[in-house]
Q: 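Below you will find the structure I want to go over with you.
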Amino acid sequence: MIDLKLLQKDFESVSAKLMRKGVDATLIENLKLKNGELKKAKVNFETLQALQNSMSKEFGAYKREGKDISELKQRVDANKIVIAEALDIQRVAHEELEAIAMAIPNMPDDSVPDGIDEDDNIEIKKVLTPKEFSFTPKEHWELAEQNGWIDFERGVKLATSRFSVSFGMGAKLERALINFMLNFNAQRGFEEVSVPALVNRTALEGTGQLPKFEDDLYKMEGQELFLIPTAEVPLTNLFQDEILASEQLPIKMTAYTSCFRKEAGAAGRDTRGMIRQHQFHKVELVTIAKPEQSEEIFNEMVQTASDILTALELPHRIVNLCTGDLGFSAAHTTDIEVWLPGQDQYREISSISNTRDFQARRAKIRYKDGKKNLFVNTLNGSSLAVGRTLVAIMENNQNEDGSIDIPEVLKPYLDMSV
RNA sequence: GGAGAAGUGGGUGAGCGGCUGAAACCACAUCCCUGCUAAGGAUGCGUACGGGUAACUGUACCGAGAGUUCGAAUCUCUCCUUCUCCA
């Protein structure tokens with residue numbers, strides 16, 4: 001949620017920032033208007049309520065003293081009707097404001113470059129050089145099938161398209177990657193957490209998936225429960241509606257979960273292989289931090305994800321997302337893209353965002369700074385998407401005969417004898 | 001699955017439908033006293049959103065929501081959670 005006070009106080013700059021992210025100018029204008037309306041309605045209601053309260057107090061005194069209450073009761077009853085109307089006006093104003101405000105994305109930082117889509121993202125640096133192949137490298141689905149690691153047809157049989165099944169070394173590699181990543185993150189100070197895969201509406205509103213993106217979520221029938229699209233949701237919402245002690249911060253967490261996405265609107269994209277699945281494994285990083293800590297931790301998170309790829313000897317590049325490619329909740333985002341020789345391009349494998357106080361406002365996560373309660377900053381990032389890492393290993397480590405070399409760092413995690 | 005009990009501020013725990021935003025104790029903060037391994041005293045101490053330069057002040061919140069009432073932590077209903085007992 002954007003800061004409505006700031007919007008009121010500094011309308012020009014807030015709306016300019018939101019417009020960079022493509023928010024309609026009239027919508028912002030409307031938000032300001034509604035906010036003013038609500039304020040007025042609130043003052044009006046509270047004034048009436050104060051009158052009612054004081055009359056009610058009098059009422060008690062009258063009774064104790066045995067005075068006649070009929071005249072007072074008349075006034076009180078009359079005021080009651082007026083209050084009901086005022087309350088109604090306030091309620092409507094609040095609902096209208098909420099509906100608009102909850103659907104408005106975060107303001108991008110000034111450092112975020114302008115742009116329309118991923119083509120306008122800015123490459124910051126490349127890490128490791130892709131190796132030259134003496135043959136034409138294959139795409140991962142071909143390698144996966146040839147090695148018997150992944151079965152796409154049987155995934156469809158069990159569920160529907162965009163599901164797959166891993167077998168043997170494919171399955172073991174996934175498990176090894178998860179363990180490797182969790183341990184790696186733990187060494188960088190991120191505490192491992194195990195969280196529910198189902199969350200309620202409040203949690204999803206807190207992190208920004210709802211109300212706007214319900215179409216992309218799997219919802220339980222007859223219940224207000226959703227499968228998580230990312231561990232960011234449960235991890236961040238762990239502290240929903242809490243006021244944390246200053247010394248507790250930063251809280252650095254990592255979690256492995258399955259993630260579930262309907263991929264509405266991605267029809268036709270990456271239909272082959274395991275790049276874009278409805279269910280996928282991901283190891284996530286989430287940090288709850290003080291505002292002054294958040295940029296330093298952001299860089300740590302990017303570095304951690306990048307270092308995992310380096311440890312796996314996977315060439316990748318780090319990219320600063322432009323306004324057009326920025327997610328709903330993010331103030332700024334850095335993507336890590338891994339080199340896929342089979343596809344002959346870099347593909348996203350991690351996305352790290354600082355949402356600043358956007359999610360904290362929605363989820364009401366604050367900390368005590370001396371006397372005052374301030375909103376925390378929340379950060380999230382993949383470290384890493386497991387399936388895509390496996391894809392990268394297959395494509396980068398393939399030999400001409402289709403066999404695949406296992407990265408050294410994973411060998412301790414794999415019992416190679418079975 | 002059935003039957004009971006309970007959910008109050010950081011913690012423990014009182015609360016008669018109006019004098020309760022809420023006793024008391026602990027914890028915490030500041031100050032005073034005193035020097036000895038501690039104790040005593042004073043004051044302060046919830047959150048959100050408003051109004052005011054400020055002192056201060058208004059509204060709401062006692063698991064959540066709805067209701068009864070001029071007025072509800074206190075009565076009624078629904079839901080959630082926890083505990084105990086039974087199957």
Side-chain angles (χ1 to χ4, degrees), chain A residues 1-11 14 31-102 195-196 198-206 210 220-226 234 237-249 251 288 290 357-376:
Chain A
M1 182 110 95
I2 62 157
D3 185 351
L4 291 175
K5 255 190 213 160
L6 189 65
L7 176 80
Q8 211 65 259
K9 209 174 73 190
D10 197 0
F11 181 77
V14 170
L31 185 67
K32 190 190 172 192
L33 215 71
K34 288 280 181 231
N35 193 35
E37 270 177 37
L38 176 62
K39 230 176 179 173
K40 239 191 267 164
K42 242 179 162 171
V43 169
N44 184 243
F45 166 75
E46 284 178 9
T47 310
L48 289 167
Q49 187 61 254
L51 178 64
Q52 188 77 351
N53 286 346
S54 74
M55 284 197 287
S56 288
K57 273 214 166 116
E58 256 184 274
F59 206 100
Y62 271 44
K63 280 221 145 169
R64 243 175 289 130
E65 295 160 20
K67 283 159 92 177
D68 177 39
I69 53 165
S70 59
E71 186 268 345
L72 180 61
K73 172 129 171 66
Q74 226 166 33
R75 268 165 44 209
V76 154
D77 282 340
N79 193 47
K80 209 179 170 186
I81 297 166
V82 184
I83 285 183
E85 282 167 17
L87 181 62
D88 217 45
I89 291 169
Q90 187 201 304
R91 210 201 60 239
V92 170
H94 180 78
E95 277 166 11
E96 287 176 352
L97 179 75
E98 194 85 342
I100 301 171
M102 288 296 275
V195 291
L198 287 170
V199 292
N200 59 33
R201 183 171 289 274
T202 309
L204 287 155
E205 283 172 349
L210 288 179
M220 295 299 110
E221 185 159 346
Q223 282 191 81
E224 285 290 291
L225 285 175
F226 302 80
N237 281 288
L238 281 173
F239 303 98
Q240 180 222 106
D241 207 18
E242 289 190 28
I243 298 167
L244 302 161
S246 179
E247 312 83 70
Q248 280 178 272
L249 302 175
I251 301 171
I288 314 285
K290 295 189 214 178
D357 62 1
F358 184 79
Q359 291 180 329
R361 260 171 217 291
R362 294 177 150 241
K364 301 191 186 73
I365 310 173
R366 289 160 295 177
Y367 73 101
K368 226 173 193 31
D369 180 56
K371 223 44 201 131
K372 279 188 297 190
N373 295 319
L374 302 174
F375 287 108
V376 299

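Throughout, protein chains are lettered first and strands after them, A, B, ... in sequence-line order, and every chain is numbered starting at 1. The basis for the numbers below is simple: all heavy atoms, side chains too, and nothing from hydrogens, waters or symmetry mates.
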Q: Sticking with atom C1', work out how far B:U69 lies from B:A42, rounded to a whole angstrom.
A: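 Rounded to whole Å, the distance is 43 Å.
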Q: In this structure, how many angstroms lie between the C1' atom of B:U47 and the OH atom of A:Tyr367, rounded?
A: 17 Å
Q: According to a strict under-4.0 Å criterion, is A:Asn53 in side-chain N/O contact with OP1 or OP2 of B:U59?
A: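 For B:U59, OP1 or OP2 has a side-chain N or O of A:Asn53 closer than 4.0 Å.
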Q: Going through the distances and angles, do A:Leu238 and A:Ile288 end up as a side-chain contact (heavy atoms from CB on, under 4.5 Å)?
A: CA-CA 10 Å; A:Leu238 281 173; A:Ile288 314 285; over 6 Å; no
Q: Both distances under 3.5 Å, Watson-Crick or G-U wobble: report the partner of B:U34, or none.
A: none
Q: I need the A:Asn44 CG to A:Glu46 CD distance, nearest 0.5 Å.
A: 10.0 Å
Q: Just name whichever nucleotide pairs with B:G71, Watson-Crick or G-U, keeping both distances under 3.5 Å, else none.
A: none
Q: Under 4.0 Å between a side-chain N or O of A:Arg366 and OP1 or OP2 of B:A48?
A: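 It does, given that an N or O in the side chain of A:Arg366 lies less than 4.0 Å from OP1 or OP2 of B:A48.
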Q: Tell me what A:Asn373 touches on the nucleic acid: a base, only sugar-phosphate, or nothing, going by heavy atoms under 4.0 Å.
A: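 It contacts sugar-phosphate atoms only.
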Q: Using the C1' atom as the reference point in each nucleotide, state the distance between B:G9 and B:A24 in Å, no decimals.
A: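 Between the two C1' atoms, the distance is 13 Å.
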Q: I'd like the P distance from B:A23 over to B:C16, given in whole Å.
A: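 Result for the P pair: 15 Å, nearest Å.
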Q: Could you please name the partner base of B:U20, counting Watson-Crick and G-U wobble pairs only when both distances are under 3.5 Å?
A: none
Q: What is the pairing partner of B:C77, taking Watson-Crick or G-U wobble pairs with both distances under 3.5 Å in any strand?
A: B:G65
Q: From CD1 of A:Ile83 over to C1' of B:U59, roughly how many Å is that when rounded to an integer?
A: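 It is 11 Å, rounded to the nearest whole Å.
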Q: Please state the C1' separation for the pair B:A38 and B:U53 - nearest whole angstrom.
A: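 Roughly 46 Å separates the two C1' atoms.
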Q: I'd like to know if A:Glu46 reaches the base of B:G50 with its side chain, counting only an N/O donor and acceptor under 3.5 Å.
A: no
Q: Which whole number of Å gives the distance between the P atom of B:C25 and that of B:A3?
A: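 Taking atom P in both B:C25 and B:A3, they lie 43 Å apart.
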Q: When you measure from the side-chain N and O atoms of A:Lys5 to the phosphate of B:G50, is any distance below 4.0 Å, counting only OP1 and OP2?
A: yes
Q: Measure CD1/A:Ile243 against C1'/B:G46 and give the value in whole Å, please.
A: 8 Å
Q: Using the P atom on both, measure B:C86 against B:G17 and round to a whole Å.
A: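 Result for the P pair: 35 Å, nearest Å.
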Q: With both distances under 3.5 angstrom, what nucleotide forms a Watson-Crick or G-U wobble pair with B:U84?
A: B:A3
Q: Kindly write out the residues that satisfy ring-ring contact (aromatic ring centres under 6.0 Å, His included) with A:Phe358, not counting sequence neighbours, or none if the list is empty.
A: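 Partners of A:Phe358 under the ring-ring contact (aromatic ring centres under 6.0 Å, His included) test: A:Phe328.
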Q: Within the structure shown, what part of the strands sits under 4.0 Å from A:Lys368 by heavy-atom distance: base, sugar-phosphate, or nothing?
A: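 A:Lys368: backbone/sugar contact only, no base atoms under 4.0 Å.
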Q: Hey, what are the protein-to-nucleotides 63-70 of chain B N/O distances that come in under 3.5 Å?
A:
residue : atom : partner : partner atom : Å
B:C70   : OP1  : A:Lys73 : NZ           : 2.6
B:C70   : O2'  : A:Ser56 : OG           : 2.9

Q: Rounded off to whole Å, could you give me the CZ-to-C1' distance for the A:Arg362 and B:A48 pair?
A: 19 Å
Q: Counting Watson-Crick and G-U wobble pairs only, both distances under 3.5 Å, name the nucleotide matched with B:A48, or none.
A: B:U59
Q: Please give the distance between the C1' atoms of B:G65 and B:U12 as a whole number of Å.
A: 29 Å
Q: Going by purine N1 to pyrimidine N3 plus the second Watson-Crick contact, or the G-U wobble pair, all under 3.5 Å, which nucleotide sits opposite B:U43?
A: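 Answer to the pairing question: B:A29, which forms a Watson-Crick or G-U pair with B:U43.
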Q: What integer number of Å spans the C1' atoms of B:G71 and B:A54?
A: 33 Å
